[in-house]
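Worksheet: one structure, shown below.
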Amino acid sequence: SEMRATGGHWALTPILDIARDPRWGRIEETMGEDPYLMTAMGVAGVKGFQGEPNSTQFAADKVVATLKHLTGHGQPQAGVNIAPAHIGKRELHEIFLPPFEAAVKLAKAGSIMASYNEIDGIPSHVNQPLLQDIVRDEWGFDGVVVSDYYAIAELVSRHSLYQDDAQAAIAALSSGVDMETPDRQTFVHLVKLVQSGQLQEALIDRAVRRVLTMKFRLGLFEQPFVDASQADALVGAPAQREFARQVAEKSMVLLKNDGLLPLDAGKLRSLAVIGPHANETLLGGYSSIPKQTVSIVAGLRDKLKGQVRVDYAPGT
C-alpha cells in the first residue's frame, strides 16, 4: 500500500530461488533450500502484493509481483554467481520449478523475471521450452516476462551466443521475453529489425499487448498520478510501523534458550552491544535510505533509557 501510494506499481519480488549452494554470494536474498517452504512463502507473498486472485483488476492499494529468478539461479557451478546451473530435468521439475508454478497457478502472479544463468547450455532468456512450453502452455501464465538487468546484452558479452545486441534482442523476444530492464539497450533495435524483415511485427505486438494489459489491470490509464500529500502521510505512519513491529516479533525464531532470555531490565546495570552492523540499519544492497531508520544500538538505548547503560563497540 505504501509503494502504490508513492507511484510504484511493479515489485521485483518475491525471490523464489532455491538456495542449494552456500558458497553462492546471493544466498541472503532467498528464503532457503526447501521447495515446500519456498512455495508456501511465494504464494503468500504474491497474494500480499497483488491481492486475492479473484479479479481481472488490481486494487488501488496493490502492485504487480514478479517471480524471480527463473530458474536454477541458486545452484550455480562452484557457487559462482551467474555460472551455469547443472540441473537434471527431474530435479528441475521437482525442486526448482514448483514454487514458480504454484505462484502462477494459485496466486496468479503478474510477471516473471528470467534468470542470468544457463541450464544444459541454454540461457534462460532464450530458453523457449522453459518460457513458452512450460510457463505459458503448461502453467497458463498470461502475464509479462521481464529480463534481468542487462541480461539480454549478456547473451553477447557473457554467453557468447550472438554477434551483437540486435541479434540477441531477436532471440530473447522470440523466446518469450516481453520487456527489457533496466534500460533500452537491445530492444531499441526492434523497430529497425522489423523494417528490415529480420523480425516479425507480430512478436512485438505480442509483447506490447502483455505489457499494456498489465497497465490496464492496474488502472494506470484512468489514474496515472498519485496524491503526493496522501503518500507522505501513509509512508511510515504509526499504524504501518506497529504492523511491521508485529511481523518482526512473530517471525523471530529462537533455536535455544538456556534460561537467560528474556532479559530483565530491572536486574541489569549495563548492556554491551558488539558487532560492526549493530550501529547501522542493514537493509540490503537493493534498498535506499527510508525516511526513518533505527539501529539495534539506538533502539536499545531508547528502550532502556534511564534504566540500563548501553555500551557499543564495533568489535571487528
Side-chain angles (χ1 to χ4, degrees), residues 1-16 42-70 100-114 125 128 131-149 151-152 169 172-188 190-191 193-194 199-231 234-235:
S1 61
E2 291 188 355
M3 181 179 174
R4 185 68 186 267
T6 59
H9 305 91
W10 184 37
L12 298 184
T13 190
I15 293 177
L16 303 184
V43 169
V46 172
K47 290 181 178 180
F49 281 106
Q50 298 187 173
E52 290 293 330
N54 55 6
S55 173
T56 57
Q57 294 294 117
F58 290 104
D61 62 343
K62 297 297 181 180
V63 299
V64 177
T66 304
L67 313 180
K68 43 192 287 203
H69 308 81
L70 192 73
F100 292 90
E101 181 179 7
V104 168
K105 290 183 175 180
L106 301 180
K108 304 298 181 186
S111 63
I112 294 176
M113 178 181 287
H125 286 72
Q128 186 167 327
L131 300 181
Q132 181 63 46
D133 299 351
I134 293 177
V135 171
R136 295 202 181 272
D137 296 344
E138 291 184 22
W139 298 352
F141 176 70
D142 60 358
V144 175
V145 173
V146 61
S147 81
D148 206 337
Y149 276 29
I152 301 177
L173 185 72
S174 301
S175 299
V177 178
D178 303 308
M179 184 189 298
E180 181 179 26
T181 59
D183 306 305
R184 293 185 305 157
Q185 181 174 346
T186 66
F187 276 17
V188 73
L190 294 179
V191 173
L193 290 168
V194 171
L199 179 68
Q200 293 181 345
E201 188 174 346
L203 291 175
I204 295 182
D205 292 341
R206 182 180 70 176
V208 170
R209 185 179 297 111
R210 291 166 179 168
V211 174
L212 289 179
T213 298
M214 181 169 70
K215 293 184 176 183
F216 273 114
R217 292 184 64 201
L218 286 162
L220 296 184
F221 294 99
E222 293 79 15
Q223 188 65 40
F225 304 113
V226 298
D227 185 336
S229 61
Q230 183 181 12
L234 180 65
V235 175

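Worth knowing before you read on, the calculation uses all heavy atoms, side chains too, and leaves out hydrogens, waters and symmetry mates.
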Listed by chain and number, what are the side-chain contact (heavy atoms from CB on, under 4.5 Å) partners of [X], not counting sequence neighbours?
| X | value |
| --- | --- |
| A59 | D61, K62 |
| A231 | A5, T6 |
| K47 | V43, E52, P53, A107 |
| E2 | L234, V235, Q240 |

Could you list the residues that satisfy side-chain hydrogen bond (donor to acceptor under 3.5 Å, both in side chains) with [X], not counting sequence neighbours?
| X | answer |
| --- | --- |
| W139 | none |
| D227 | S229 |
| D137 | Q132 |
| T66 | W10, S111 |

Residues that R184 engages under salt bridge (charged side-chain N to carboxylate O under 4.0 Å, His left out), provided they are two or more places apart: none
Quick one: list whatever passes salt bridge (charged side-chain N to carboxylate O under 4.0 Å, His left out) with R4, sequence neighbours left out. none
Among all residues two or more places apart in sequence or in another chain, which pass the ring pair (Phe, Tyr, Trp, His ring centres under 6.0 Å) test with F221?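 Ring pair (Phe, Tyr, Trp, His ring centres under 6.0 Å) check on F221 returns F216.
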Which atom pairs, donor and acceptor, lie under 3.5 Å between side-chain atoms of residues 207-215 and protein residues at least two apart or in another chain?
| unit_1 | atom_1 | unit_2 | atom_2 | d |
| --- | --- | --- | --- | --- |
| R210 | NH1 | D178 | OD1 | 2.8 |
| T213 | OG1 | R209 | O | 2.7 |

Does the side chain of L203 reach to within under 4.5 Å of the side chain of L190, using non-hydrogen atoms?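 No; the side chains remain at least 4.5 Å from each other.
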